[in-house]
J.: 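I'd like to ask some things about the structure below.
Here is the naming used below: chain letters follow the sequence lines, and residue numbers restart at 1 for every chain.
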2 protein chains.
Amino acid sequence: MTSLESSPHAVPGGAGPAKQIPPAAVARLTIYLRALTALLAEGVDRVSSESLAEASGVSPSTLRKDLSHVGSYGTRGVGYDVQYLNRHIAAALGLTHDWKVAIVGAGNLGRALARYGGFESRGFEVVAIFDADQMVVGSEVGWLRVSDAANLEPVLQRTGANMAVLALPAAVAQDVCDRVIAAGVRSILSFAPVVLQVPPGVNLRKVDMATELQILAYHAQRAQDPAGTD
Amino acid sequence: MTSLESSPHAVPGGAGPAKQIPPAAVARLTIYLRALTALLAEGVDRVSSESLAEASGVSPSTLRKDLSHVGSYGTRGVGYDVQYLNRHIAAALGLTHDWKVAIVGAGNLGRALARYGGFESRGFEVVAIFDADQMVVGSEVGWLRVSDAANLEPVLQRTGANMAVLALPAAVAQDVCDRVIAAGVRSILSFAPVVLQVPPGVNLRKVDMATELQILAYHAQRAQDPAGTD
DNA sequence: CGTTGTGAAATTCTTCACAGCG
DNA sequence: CGCTGTGAAGAATTTCACAACG
């Protein structure tokens, strides 16, 4: 397990990097992490803020400001050690924990997510997948067997799941969401095309392809219709 | 600070608001659209900014400010006509056009997206799905047949696709992205876990489940570990 | 009356410019 | 000398408070 105390100069002001990172920066840190991982695979040892920024699609200023929220892990005049920076960003994001993910809904999307290799690579482990359809329950997806959604609560607790991914129809999403929360899960990623209501303390994020396409449509329309000049 | 001047008073029913809408507002307008559609299905005629905001998970102030970018389509003291507002937001977002979507990659995710019913409901039509694997080419997904990725360009042009959804491995994403752009597509939604470089004028959006989970992990870690145990 | 629409304030985010350090 | 880290400036966004209006 990685520890933060290898840093020679301690963080001034107290015991830990408990400082909060702006949401916009957190979102981008995950991108830097991926870029760093790619560089690592290519055998690159050092990287400058300029080239890492370009690989991440952001400006160098933004990158350096974002990294400043994590700590001072670069060397002036040289750049950043790829592996060292990678490790510290991962630590700041909480990727040293083991996150156990349950996927609720074994339809096309749920199965696609369960088989998606990107999870395991960075501390996420899919520990269960559920469906309400008895035709699907018991079938194999990847190296998991589909559990009956009726047993949601006991299976969540037995597997120790602390994150849930909802890949199910809008009509049942809120109900399942409530049950997942009642079972103790406090981090939820929803693919259901509906706004979910969650109590305070529960973290919910939403991924929605219809929304994304509509945003694209807006920009495409503006580009096509040069109505801006009046 | 001379920006583009717009007409002082937007006339309802006339030429649409050519003014540009802030990106953050555009993203939320799609959510209001969905909430309004749900209300319509429930037979609700009128809605106040307060209840629509709650259904959308935003504050009433934010909602009203967002709607003000679209136009003045409410009645003071009463609220908004659901159908009327719905139609005007859709128009502002460019959802009156017919958008033809091509899905590139017929793996688990690509097939899940092709079968996802949410597209057709709002002006999006999936007109083609591609894969490079000859074992998959020719098979049926929904009511489409998988085309050979080798024929990307001619099929895109024949079907008139003006949007592309990339559901393929990181390794080939940039190459396919370049080809799709060369074929004339200027709006791309990528599910590939990689940063894609696109020329100016091309609109790219990214959906990334690994990123979303990592953001959740950050917040979950903070909630669990308020005072860092060092 | 009750609710919208909107200037203005408050907050957050991005960019700039350069000091500081290897 | 070159690149990082950061305070300060500049933009963008959100929130507030209330005038306008049916």
J.: A/R28 side chain N/O closer than 4.0 Å to the phosphate oxygens (OP1, OP2) of C/dC13?
T.: no
J.: Got B/I31 and A/D208 here, is their nearest side-chain heavy-atom distance under 4.5 Å?
T.: no
J.: Atom CG of B/L63 to atom P of C/dT6: distance rounded to whole Å?
T.: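 Roughly 14 Å, once rounded to whole Å.
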J.: Looking at B/S49, does any N or O in its side chain come under 4.0 Å of the phosphate oxygens OP1/OP2 on C/dT4?
T.: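 True: B/S49 side-chain N/O within range (under 4.0 Å) of C/dT4 OP1/OP2.
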J.: Taking for each residue the nucleotide of DNA chain C bearing the nearest heavy atom, is the 5' side occupied by B/V78 or by A/G77?
T.: B/V78
J.: Does the side chain of B/Y80 get closer than 4.0 angstrom to OP1 or OP2 of C/dG5 through an N or O atom?
T.: yes
J.: Whole Å only: how far is the CG atom of A/D66 from the P atom of C/dT15?
T.: 10 Å
J.: Knowing that exactly one of B/L33, B/L95, B/D66, B/T30 qualifies, which makes a side-chain contact (heavy atoms from CB on, under 4.5 Å) with B/I89?
T.: B/L33
J.: Heavy-atom count check: over 12 atoms from other residues, nucleotides or ligands less than 6.0 Å from A/Q174 CD?
T.: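 Counting neighbours around CD of A/Q174, more than 12 heavy atoms of other residues, nucleotides or ligands fall under 6.0 Å, so yes.
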J.: Can you tell which of C/dC13, C/dT6, D/dT6 lies closest to the side chain of B/S72?
T.: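 Between C/dC13, C/dT6, D/dT6, the one nearest the side chain of B/S72 would be C/dT6.
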J.: Taking CD from B/E50 and C1' from C/dT4, how many angstroms apart are they, rounded to a whole number?
T.: 13 Å
J.: Measure up the B/H88 and B/Y73 rings against each other and bin them: parallel (under 30°), tilted (30 to 60°), perpendicular (over 60°).
T.: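 The rings of B/H88 and B/Y73 lie parallel, inter-plane angle below 30°.
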J.: Can you check the A/R76 CZ to D/dT6 P distance for me, whole Å?
T.: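 About 7 Å, once rounded to whole Å.
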J.: For the pair made of NZ in B/K65 and C1' in C/dA9, what is the distance, rounded to whole Å?
T.: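 Rounding to the nearest Å, NZ of B/K65 and C1' of C/dA9 are 11 Å apart.
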J.: For A/E50, does the CD atom sit with more than 12 other heavy atoms under 6.0 Å from it, leaving out its own atoms?
T.: no
J.: For a quick test of reading the model: is some side-chain N or O of A/T62 closer than 4.0 Å to OP1 or OP2 of C/dT14?
T.: no
J.: It should be established whether B/S59 places a side-chain nitrogen or oxygen under 4.0 Å from OP1 or OP2 of nucleotide D/dT15.
T.: yes
J.: Calculate the interatomic distance between B/R64 atom CZ and D/dA19 atom C1'; express it in whole Å.
T.: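 Result: 12 Å.
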J.: In this structure, how many angstroms lie between the P atom of C/dT12 and the NE2 atom of A/H69, rounded?
T.: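 Atom NE2 in A/H69 sits about 12 Å away from atom P in C/dT12.
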J.: Write down the distance between CZ (B/R46) and P (C/dT4), rounded to a whole number of angstrom.
T.: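 Whole-Å distance recorded here is 11 Å.
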